[in-house]
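Working notes, structure below.
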Amino acid sequence: MNIVLSDEKFKKIDANLEVILVFDKKLENLEQDKALLEILNFKAEDEESILLPEGKKIYVGCEKKELDNIRIATSAAVKKFKATKFKTLKIELVDDNEEYLSAMVEGFLLGNYEFTKYKSSKKEKSKQEIIIHTNNITKDLKHILKESIEICESVNMVRDIVNTPPDDFYPDIMASHAVDLAKECKIECKVYDDKYLQDKGMGAMLAVARASRHKPKLIHLTYSPKRIKKTVVLVGKGLTYDSGGLSLKPSDFMVTMKADKSGGSVVMGIMRAVAKLGLPIEVHGIIGAVENMIGGNAYKPDDVLVAKNGTTIEVRNTDAEGRLVLADCLCYAQDNIKDIDYILDFATLTGACVVALGEYTTGIMGHNNKIKHQMFDAANSSGELVGSLPFNRYLPKLLKSEIADISNISSSRYGGAITAGLFLDKFIYEENKDKWLHLDIAGPSYVEKPWGYNPHGASGSGVRLAVSFLKSLL
Ligand code: BES
Ligand code: ZN
Ligand code: ZN
């Protein structure tokens, strides 16, 4: 879907279809179509859209003039457009105000996404174009359009990766994607194999990988522009498949676990966006790409593992594997990257986070309230949803082990998202405690019932949130 700006008189723009956003459920101003829309029962509620083929108009409800309502409305519009064979669509920039442009573009490009790679009969893809009208094409508007397109393409790249089935996407493939991405974005990429992990004593990550025929990979992407205002480290859980290991998942829970690579994939998406936008921030993306499988060689409940920082871990459940991979990746990051300002980790870490916050919301955890507030602000401006889950003095005790330094699961059924976050905390060095934020994206990263501008499957959530966060640091 191509999107362009035009400052020709709106009426003169030659397009096959026109979109009209109807705000506040007010049909009064719609002159000639009001009566027809009423007969057709169009109420102009959010997500409601209707195509009037004779007048070549798509009416879309938009209950409030707020960014997320606009994203949802333009997403509804593009779905109607896509279902036709019309080539061009025009729409007025809301209030001719540049602050609405990125929301409109996001609705169009994220709402238009489809994953059809595995469908044998593909709909023929005709090139369609959306023309956004403004009275004055400023430099700012052009810049916003370009950035929004790059961000959406990064989100859609993440969706493609996460949607790819596990037999076609394993750690080696994740690494080659990272290498290709680095080439495309002119950033650096290092890939470390199991021999390196062995050498560096990364026994937790290695154990998780052991039963898989696919060897683990540690991926380190670096974007290092000339002008640097901050250094940010992103760490992602890249479980290309999570069967649960010997603590095997029940069948119904195993389906969708191709999405356990979302954290690592989101890190790739953020790296892409940051590089394309040319932000003056040094950004490192560390991804632990591993497959959690079963077999005679599998790691077991009762095993004791030694992580890179020497911490011993009692395994009591092999399905709590993401925290083991992240433990070593967090140590790797802190051991190898200098002058860190922020460490953010992204992981589909716990079902408990989804129980706590619902499937739309990312759980954020950490010691530093200022970073949490910065992330809340980033959520507000990006349209992603976050909720804070608080640490406290009692919960860490639930991770006590009789035999090792820490257990990989809590001794309580309650507060599982937070105890998982506290497990990670064990691997954040003292000097970095206040720089770290853990983001549990288990809820929003995979969509089973479409919502907002997210179709079924991977959502790519985390990319827009992180880009807003990074921009707010400048
Ligand atoms: N990948 C899962 C978490 C998950 C669950 C992500 C549902 C997305 C949707 C993770 O590795 C896991 O299995 N966690 C366990 C932890 C438990 C064993 C302490 C869980 O949440 O049940
Ligand atoms: Zn698991
Ligand atoms: Zn997992």
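Note that these values count all heavy atoms, side chains included, but never hydrogens, waters or copies made by symmetry. Numbering of ligands and ligand atoms starts at 1, following listing order. For this chain, numbers begin at 1 and follow the sequence in order.
- Among protein atoms, those of element N, O or S found less than 2.8 Å away from the Zn ion (ligand 3) are Lys237 NZ, Asp242 OD2, Asp260 OD2, Glu321 OE2.
- Classified by interplanar angle (parallel below 30°, tilted 30° to 60°, perpendicular above 60°), the ring pair Tyr170/His214 is parallel.
- Crowding of Tyr118 atom OH: a count of heavy atoms from other residues, nucleotides or ligands under 6.0 Å exceeding 12.
- Annotation for Ile294: atom CD1 does not count as buried by contact number, only 12 or fewer foreign heavy atoms lying within 6.0 Å.
- His373 and Phe376 have tilted rings, their planes meeting at an angle from 30° to 60° on a 0 to 90° scale.
- Near ligand 1, Lys237, Asp242, Lys249, Met257, Asp260, Asn317, Asp319, Glu321, Arg323, Thr348, Leu349, Thr350, Gly351, Ile409, Ala442 each place a heavy atom less than 4.0 angstrom from the ligand.
- Residues Ser212 and Asn292 form no side-chain contact, since every pair of their non-hydrogen atoms from C-beta on lies 4.5 Å or further apart.
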* Tell me, with the steps shown, if Thr231 and Asp339 meet side-chain hydrogen bond (donor to acceptor under 3.5 Å, both in side chains). => CA-CA 7 Å; Thr231 298; Asp339 304 322; over 6 Å; no
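- Here Asp335 pairs with Lys308 in a salt bridge; the nearest charged N to carboxylate O distance falls below 4.0 Å.
- Among Asp345, Asp328, Asp260, the one residue that satisfies the salt bridge (charged side-chain N to carboxylate O under 4.0 Å, His left out) test with Lys237 is Asp260.
- Residues Glu184 and Lys276 are paired through a salt bridge, judged by an N-O separation under 4.0 Å between the basic side chain and the carboxylate.
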